[in-house]
2 protein chains.
Amino acid sequence: MGRLNKRALLDRLHRLGTASRADLAKSLGMSQPTAGKIADELLRAGVLEEADLAPPRTAVNGAKAAARLGRPGRMLRLDRSRPRFMAIQLGVTETRLAALPVGADAEDCWSVRLETPGSAEQWVSELRRVAGQLPQKKFWGVLVSVPGLVDEQEGKVLFSPNLHWTEKADLRQLVGRVWKGPVALVQEERALALGHQYLTPESDDFLLVDFGDGVGGAVIVAGKLHANPLPISGELGHTPVLGNSRRCGCGATGCVETLVSTRGLLESFAETHAKSPKSWAALGASIAEHGIEPWLAAALEAAAVAIAGALNVIGLRHVVITGSLTQLPPAVMDYLKQAIERGAMWARFGRVEVEAAPRRRAAGLVAVGIDRLVLPMTGQIRPQAS
Amino acid sequence: MGRLNKRALLDRLHRLGTASRADLAKSLGMSQPTAGKIADELLRAGVLEEADLAPPRTAVNGAKAAARLGRPGRMLRLDRSRPRFMAIQLGVTETRLAALPVGADAEDCWSVRLETPGSAEQWVSELRRVAGQLPQKKFWGVLVSVPGLVDEQEGKVLFSPNLHWTEKADLRQLVGRVWKGPVALVQEERALALGHQYLTPESDDFLLVDFGDGVGGAVIVAGKLHANPLPISGELGHTPVLGNSRRCGCGATGCVETLVSTRGLLESFAETHAKSPKSWAALGASIAEHGIEPWLAAALEAAAVAIAGALNVIGLRHVVITGSLTQLPPAVMDYLKQAIERGAMWARFGRVEVEAAPRRRAAGLVAVGIDRLVLPMTGQIRPQAS
DNA sequence: TAACTTCCTGAGTTTTCTTAAGTAATATGA
DNA sequence: TCATATTACTTAAGAAAACTCAGGAAGTTA
């Protein structure tokens, strides 16, 4: 079967949620036999399942067809019953695991959590222990979300200031010692962006920015993750800010990240509120009481400039914010949103949307699993022969 | 014929410059009969021509094959003899025209130049006059490079501060009154980026930044122009600069453009050198004499931050600079280059390249012509009397 | 001239998608 | 209840594009 059509059909079915073969054929503009064959193949492979539930007579399109005539379609959807992927979030403080099916539709829900140890060996032995407890041993593949600068092709971590041991480790090989099968590494923010898109398939073009220990982003254009040649992208947090002299973990001076990461905000907060405890709760309380003080405004402004610059260059109008900033009082997001609109060129011609969203790593990992493991790209375009 | 393979073959032939059917087949990893058939078809359509010149026995690959054995291939290349496209650069002060073949290999060379008039009607009548003088009347299409914010799909100009009449005009319809056939609009910086890639096909990933009346950019990733949903992208010039309060033509305050556009630089120069004439030549002379003064350093720094931010977010390591900055003493480009490297994250892991290049609009327009006019309309294009 | 190498092309096969036609499952109405 | 309309799915035949195989063409080497 043409991999391209298979991919298109799976994507469309994911967007529609539930659809019959005929719906898919019509929606994709391909013939019914073709759509039917592809669907059968995916069904046989266990990627799809039949939704036995009574077909929704309310019709896919909306309200116009109250009770559809004719033979009802056999509805299909992504398989939700059988776990296929072992999803692992390798976080700075915590490692989380879950066995996920192809059709995940919920927010992140990790079945196992453990403290991330300080070395590769310890991590593997923890994983092995967890794997022993899990009922299912075999998966189509293992998906690992990793923070830092990640070369997803090579499976190497180039740089990870808060998790240094990953830089020397061969993570794929490590995971391979616990579970057989392919292992895919995914840079954390890319997983978040894919997860957001997976769970809200109608958003096809956006910049996701995650605020946490660091500040990073990822770009989805036309429903696809922005692909670029370097193992680095979306590094919004390391845009230099003129006049900022804080040292960044990346080695440079003045990065946005030094102002708006969790640590950067707390540091600025402590500088101006010597008496308050240097804690996230105290910061939140202070903002709720005093509003956006100048130091915070400046930090948000710096982030907004970086974000607006990215929107202008890439040509987007939709920003999704995840992470720590969304947990502060709403005034923070409001300020950020206004600052972004001030700098975003499109705001002068149409609407710019800035929205807060939860982190959806698990769904993102599933999306990667489907993309790289279920529908592997048979490299059509080969490099030059010698 | 499969459009995809046709496109791939044409692209490969363009990169190789000259190649036989067998070279193309090998290089693309497709079978010889297929490559041969596609080549024949393109030859028949007049997109390719046979390079009768003695096949270069030195081989394509390099030195290893001194004198190749076997039957020599019939070398092919993009047709250079028959003009196919009417290329028009609609500039703020000057409109330039040239009739170009599919295979352009030289720097920009416009055959007609005329002052851009102040209204759509006058522009059309000028075009009509020029068209009357040209020997060739029929083309595969007309390609127009336009400054400002351009909706290439719709053929509308959203915003053009220095050429306001284009905002209300239907440029495609205007051109259609002079020449029959399809008309494609291309945003100026996008044309420049495509032109650079067309003439140096080995550069597949770069950010082009053009400095002139405004400052804008365009992104090429994996050999393709970055495509995005909005009719706006590459707008590096309108990244806000914290602390800059100059009003920009775009309506916002503090854009990079107000500091490093031709006008912005001259303004800053005049502010600090009240006695010197406010001219580009005087600016150049002053820089040659005094080096990079603080005001200029600040302006370049602001531009570099915007550029470095774009590199970090998009994930690139190669910048191509065109336009006015490249015509100032080399110290300017050197300073800019160093400032970009300071902000570009990749500089800490590998090389970041910043290069100056001439503007190559004409080639960019040809690239658009091939992409949008030659390849999609396979059936329509037949060998026409020239 | 014979042997060898490489290039090009024609013939038949495979893959993949399309159209067309037939069967299945439901609603509607006499 | 039964015929009819409508929609869903399946099977069969055909068309397009790319592949393999093989043979002729056009050179070099010995």
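Residue contacts for B:Ser31: at a heavy-atom cut-off of 4.0 Å it reaches a base atom on one of the strands shown.
Remark: P of D:dA17 and NZ of B:Lys6 are 9 Å apart, rounded to the nearest angstrom. Here the C1' atom of nucleotide C:dT18 and the NZ atom of A:Lys26 are 18 Å apart, to the nearest Å. For the pair A:Gln32 CD and C:dG22 C1', the interatomic distance rounds to 13 Å; values are reported in whole Å. Rounded to an integer number of Å, the gap from CE of B:Met30 to C1' of D:dC19 is 12 Å. In this structure, A:Ile38 places its CD1 atom 16 Å from P of C:dT15, rounding to the nearest Å.
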> Under the salt bridge (Lys or Arg N to Asp or Glu O under 4.0 Å) criterion, do A:Arg21 and A:Asp40 qualify, and how do the steps go?
Replying inline: CA-CA 9 Å; A:Arg21 293 161 171 79; A:Asp40 285 345; 2.9 Å; yes

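Side-chain contact between B:Arg82 and B:Arg84: present, with at least one pair of heavy atoms (C-beta onward) separated by less than 4.5 Å. B:Ile370 has its side chain within reach of B:Leu375: a pair of non-hydrogen atoms, C-beta onward, lies under 4.5 Å apart.
The side chain of B:Pro72 lies closest to D:dA26 when the candidates are D:dC19, D:dA26, D:dT10. Looking at the side chain of B:Asn5, the nearest of the listed nucleotides C:dT9, D:dC9, D:dA18 is D:dA18. If you check D:dT7, D:dG27, D:dT20 against the side chain of A:Leu69, the one that comes closest is D:dT7. Out of D:dT10, D:dC21, C:dC17, the shortest distance to the side chain of B:Pro33 is found at D:dC21. Which of D:dC19, C:dA24, D:dA26 sits closest to the side chain of A:Arg71 comes down to C:dA24. For B:Lys37, taking side-chain heavy atoms from C-beta onward, the closest of the listed nucleotides C:dT9, D:dC19, D:dC9 is D:dC19.
A close approach under 4.0 Å does occur between a side-chain nitrogen or oxygen of A:Thr34 and OP1 or OP2 of C:dT18. Contact annotation: A:Arg21 side-chain N/O to D:dT10 OP1/OP2 distance is under 4.0 Å. In this structure, B:Arg3 does not reach the D:dA16 phosphate: none of its side-chain N or O atoms is under 4.0 Å from OP1 or OP2. Contact between the side-chain N/O atoms of A:Ser20 and the OP1/OP2 oxygens of D:dC9 is found at a separation under 4.0 Å.
For the side-chain contact (heavy atoms from CB on, under 4.5 Å) with A:Leu10, the lone residue among A:Asp371, A:Leu78, A:Ile38 that qualifies is A:Leu78.
More than 12 heavy atoms of other shown residues, nucleotides or ligands fall within 6.0 angstrom of atom NZ in B:Lys137.
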